[in-house]
Amino acid sequence: MKICVTSTGSDLDAQVDPRFGRCQYFMIVDPDTMEFEAIPNKGIGASSGAGIQAAEIVANRGVDVLISGNIGPNAFQTLTAAGVRVLTGASGTIRDAIEMYRAGKLSETAGVTVPGRAGMPQSPPETFAGGRRGMGMGGRRGMGRGGGGGGGMGMSMPEQVPPQSGADMADINELLERVDRLEKELEEVKKKKKGER
């Protein structure tokens, strides 16, 4: 049996990394012998698709069980399609996570635990004398020959995302899928426009 634990370091005393797609290392561990292999996560800095890339790495290593802190929708779908059981909520060291697994203290997750793109690095909001500055919407990007005039309206971002219910997660996943489809369609339109010039 092979267990993969997301890790912040390359040995068994490293902490469990709560992120899956953007963890530092994938620790592939034999729970009987505690022999392990540390695989650096090459997709940690990917602008998108880190969860799918990570899931493919884990699945290609013949892993039976994944132990992580959280899992997003694309990674969860890829892992379960490959027959990998997903256990979340682990903390402590890699050794601790393996012991929790052996003792039956970890349960298999039935779905995603964070929305897509949750592990993406976020830059902190700018601050000014009155508190936080919102992120502008509109960026002066005009379509066609116009110069674009959108100056944007400031919008303050919440400090922490509240836990999502299963129904909320389904809505979020559906919206993310629509965004992905629309982005692809936009790229096709741009390619066609470029070819007409």
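The figures here come from the full heavy-atom set of this structure, side chains too, leaving out hydrogens, waters and symmetry mates.
Here the straight-line distance linking atom NZ of Lys42 with atom CD of Gln53 works out to 11.0 Å at 0.5 Å rounding. Interatomic distance, CD1 of Ile28 versus CD1 of Ile57, reported as 9.5 Å (0.5 Å rounding). Residue Thr93 holds its OG1 atom at 9.0 Å from CD of Glu99, rounded to the nearest 0.5 Å.
A heavy-atom distance below 4.5 Å is not found between the side chains of Phe36 and Val5. Side-chain contact between Ser91 and Val16: absent, with no pair of heavy atoms (C-beta onward) separated by less than 4.5 Å.
In this structure, Thr6 and Ile94 approach most closely via the heavy-atom pair O-CD1, 3.8 Å. Across Ala38 and Tyr25, no two heavy atoms sit closer than the pair CB-CD2, 4.2 Å. Of all heavy-atom pairs between Gly51 and Ala75, the closest is O-CB, 3.6 Å. Contact between Pro18 and Ser68 at its shortest, heavy atoms only, is O-OG, 3.9 Å. Residue Thr88 comes nearest to Leu106 through the heavy atom pair O-CD2, 4.4 Å, listed as atom of the first residue, atom of the second, then distance. Nearest approach of Phe26 to Cys4, heavy atoms of both residues: CB-SG, 3.8 Å.
Side chain of Thr8 to backbone of Gln15: a donor-acceptor contact under 3.5 angstrom is found. Listed for the Asn41 side chain is a donor-acceptor partner under 3.5 Å among the backbone atoms of Gly21. Of the possible donor and acceptor atoms, one in the side chain of Asp17 sits under 3.5 Å from a partner among the backbone N and O of Gln24.
The salt bridge (Lys or Arg N to Asp or Glu O under 4.0 Å) analysis of residues 65-82, with sequence neighbours excluded, yields no pairs. Residue pairs satisfying the salt bridge (Lys or Arg N to Asp or Glu O under 4.0 Å) criterion with at least one member in residues 58-85, sequence neighbours excluded, are listed as follows: Glu37-Arg61, Arg85-Glu108.
The hydrophobic cluster containing Tyr101 does not contain Ile71, counting ILVMFWY residues as joined when their side-chain heavy atoms lie under 4.5 angstrom apart, directly or transitively. Grouping the Ile, Leu, Val, Met, Phe, Trp and Tyr side chains by contacts below 4.5 angstrom, directly or via other members, places Ile39 with Val58. A continuous path of ILVMFWY side-chain contacts below 4.5 Å connects Val86 to Phe20, so both sit in one hydrophobic cluster.
Residues that satisfy the side-chain contact (heavy atoms from CB on, under 4.5 Å) test with Thr80, not counting sequence neighbours, are Phe76. Every residue two or more places apart in sequence or in another chain that forms a side-chain contact (heavy atoms from CB on, under 4.5 Å) with Ile52 is listed here: Glu56, Asn74, Thr78. In this structure Pro31 satisfies the side-chain contact (heavy atoms from CB on, under 4.5 Å) test together with Met1, Ile3, Ile98, Arg102, sequence neighbours excluded. Taking Asp32 as the reference, nothing meets the salt bridge (charged side-chain N to carboxylate O under 4.0 Å, His left out) condition, with sequence neighbours excluded.
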